[in-house]
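First comes the structure, then the notes that go with it.
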Amino acid sequence: LQEKAVRSIINRENPLIMMPTGSGKSLCYQLPALMFHHRQKALTVVISPLQALMADQVADLEEIGLFFSTYINGNLTAQERRLRLEELRSGNKGLLYISPEQLRSMSIRALLEQRPPVLWVLDEAHCISQWGHDFRPDYCYVPKFIKELYERRQLPKPMLALLTATATQSVVEDIKKLFTEQD
């Protein structure tokens with residue numbers, strides 16, 4: 001299942017990957033992100049709902065000797081944020097974890113204008129439907145942000161992967177609708 005998911009990302013099929021917790025969903029995008037960064041210094045952005053999850057993902061990669069990822073969130077000091085943004089701008093880091101709210105940050109917007117991601121990942125994609133309309137409306141802003149970024153720069157659409165452990169059929173339809181409205 002992981003191999004099929006990785007292939008569908010690389011083939012630009014924009015998959016909605018539904019796999020149980022602990023089954024290796026993260027590997028489905030981390031492997032392509034590593035490949036894109038290694039081959040072309042390309043950037044992958046992962047939209048994640050939880051700050052602790054971002055830190056854990058980066059720590060897990062570093063534990064196995066992969067130092068190409070970072071995260072940016074509101075818990076960083078100004079100096080930590082500046083250093084991480086510089087690592088991203090210079091191409092030293094190729095996998096960025098952020099929350100949807102960070103897309104409103106001028107420094108993140110400037111980074112993404114300078115270095116548009118080749119792959120966007122929505123981890124815990126059910127949140128865009130379940131939380132996006134009321135509790136965390138910035139989730140609903142993600143598809144619009146992506147569309148406008150690439151149109152402004154006259155770039156082809158990036159690859160997209162949506163991952164979740166659970167989603168009802170109505171959540172799946174809502175997610176599809178949010179992303180197709182931006183086409």
Side-chain angles (χ1 to χ4, degrees), residues 1-103 105 107-112 114-128 138-139 142 145-146 149 158-166:
L1 191 56
Q2 288 172 328
E3 183 181 331
K4 182 181 177 185
V6 169
R7 227 181 286 126
S8 68
I9 291 171
I10 293 170
N11 291 335
R12 303 181 69 87
E13 295 171 4
N14 300 338
L16 173 57
I17 300 166
M18 292 181 20
M19 294 170 61
T21 300
S23 63
K25 285 188 301 296
S26 299
L27 181 62
C28 295
Y29 65 81
Q30 289 171 341
L31 186 59
L34 178 62
M35 181 187 75
F36 298 141
H37 182 252
H38 179 73
R39 288 184 179 169
Q40 14 173 247
K41 292 291 184 199
L43 178 63
T44 295
V45 170
V46 178
I47 304 293
S48 180
L50 303 171
Q51 293 177 351
L53 181 60
M54 295 177 208
D56 287 349
Q57 293 285 359
V58 172
D60 289 348
L61 287 168
E62 289 177 353
E63 189 174 298
I64 60 170
L66 297 173
F67 297 93
F68 77 110
S69 67
T70 192
Y71 63 89
I72 293 179
N73 63 38
N75 290 335
L76 300 176
T77 66
Q79 182 178 357
E80 288 172 321
R81 186 179 181 94
R82 264 193 313 277
L83 289 171
R84 291 177 189 211
L85 285 166
E86 185 49 42
E87 286 181 313
L88 288 156
R89 274 190 221 94
S90 69
N92 289 336
K93 300 289 183 178
L95 178 58
L96 171 62
Y97 291 87
I98 58 173
S99 68
E101 291 81 8
Q102 287 292 323
L103 294 177
S105 159
S107 60
I108 294 294
R109 293 172 77 92
L111 167 71
L112 299 176
Q114 178 186 342
R115 196 170 171 218
V118 67
L119 171 61
W120 287 83
V121 177
L122 267 77
D123 199 9
E124 308 297 341
H126 60 276
C127 294
I128 197 169
D138 283 315
Y139 264 103
V142 173
F145 178 88
I146 294 170
L149 174 67
M159 290 174 273
L160 176 68
L162 308 166
L163 294 92
T164 187
T166 56

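What you see is a predicted model, and the numbers here were worked out from it, not measured in a lab. Just so it is clear, the values below take in all heavy atoms, side chains as well, and ignore hydrogens, waters and symmetry mates.
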*Stepwise side chain to side chain contact (heavy atoms under 4.5 Å, CB included) test for Leu119 and Ile9*: CA-CA 8 Å; Leu119 171 61; Ile9 291 171; 3.8 Å; yes
*Would you please test Ile98 and Val46 for side chain to side chain contact (heavy atoms under 4.5 Å, CB included) and show each step?*
CA-CA 6 Å; Ile98 58 173; Val46 178; over 6 Å; no
Could you give the distance from [atom1] ([X]) to [atom2] ([Y]), rounded to the nearest 0.5 Å?
X	Y	atom1	atom2	answer
Asp60	Asp56	CG	CG	6.0 Å
Leu50	Glu124	CG	CD	7.0 Å
Ser69	Glu87	OG	CD	10.0 Å
Leu162	Leu122	CG	CG	5.5 Å

Is there side-chain contact between [X] and [Y], with heavy atoms separated by less than 4.5 Å?
X	Y	answer
Leu95	Thr70	no
Asp123	Ile47	no
Phe68	Lys93	no
Pro100	Phe145	no
Leu96	Pro117	no
Lys4	Pro15	no
Leu103	Asp138	no
Leu43	Val118	no

*Between Ile108 and Leu85, does a side chain to side chain contact (heavy atoms under 4.5 Å, CB included) hold up when you go through it step by step?*
CA-CA 8 Å; Ile108 294 294; Leu85 285 166; 4.0 Å; yes
_Counterpart residues, side chain to side chain contact (heavy atoms under 4.5 Å, CB included), relative to Pro158 (two or more places apart)_ = Trp120, Ile146, Tyr150
I'd like to know if the side chain of [X] reaches the main chain of [Y], judged simply by a donor and an acceptor atom lying under 3.5 Å from each other, with no hydrogens or angles considered.
X	Y	result
Glu80	Thr77	yes
Arg84	Tyr71	yes
Arg115	Leu88	yes
Lys41	Ser90	no
Asn14	Ala161	no

Solution key, residues 24-37 side-chain donor-acceptor pairs under 3.5 Å, sequence neighbours excluded:
from	atom 1	to	atom 2	distance (Å)
Lys25	NZ	Met19	O	3.3
Ser26	OG	Gln57	OE1	3.4
Ser26	OG	Gln57	NE2	2.8
Tyr29	OH	Tyr97	OH	3.3
Gln30	NE2	Gln57	OE1	3.0
Gln30	NE2	Tyr97	OH	3.1
His37	NE2	Gly91	O	2.8

_Side chains of Ser105 and Arg81: any donor to acceptor distance under 3.5 Å?_
yes
*Scan side-chain atoms only and decide if Gln51 and Asn75 contain a donor-acceptor pair under the 3.5 Å cut-off.*
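Their side chains do contain a donor-acceptor pair, which is all the 3.5 Å distance test asks for.
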_Those residues that, when tested against Glu86, pass salt bridge (charged side-chain N to carboxylate O under 4.0 Å, His left out) (two or more places apart)_ =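 Per chain and number, Glu86 pairs via salt bridge (charged side-chain N to carboxylate O under 4.0 Å, His left out) with Arg89.
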_As a quick check of understanding, evaluate side chain to side chain contact (heavy atoms under 4.5 Å, CB included) for Arg82 and Ser107, giving each step before the final call._
CA-CA 9 Å; Arg82 264 193 313 277; Ser107 60; over 6 Å; no
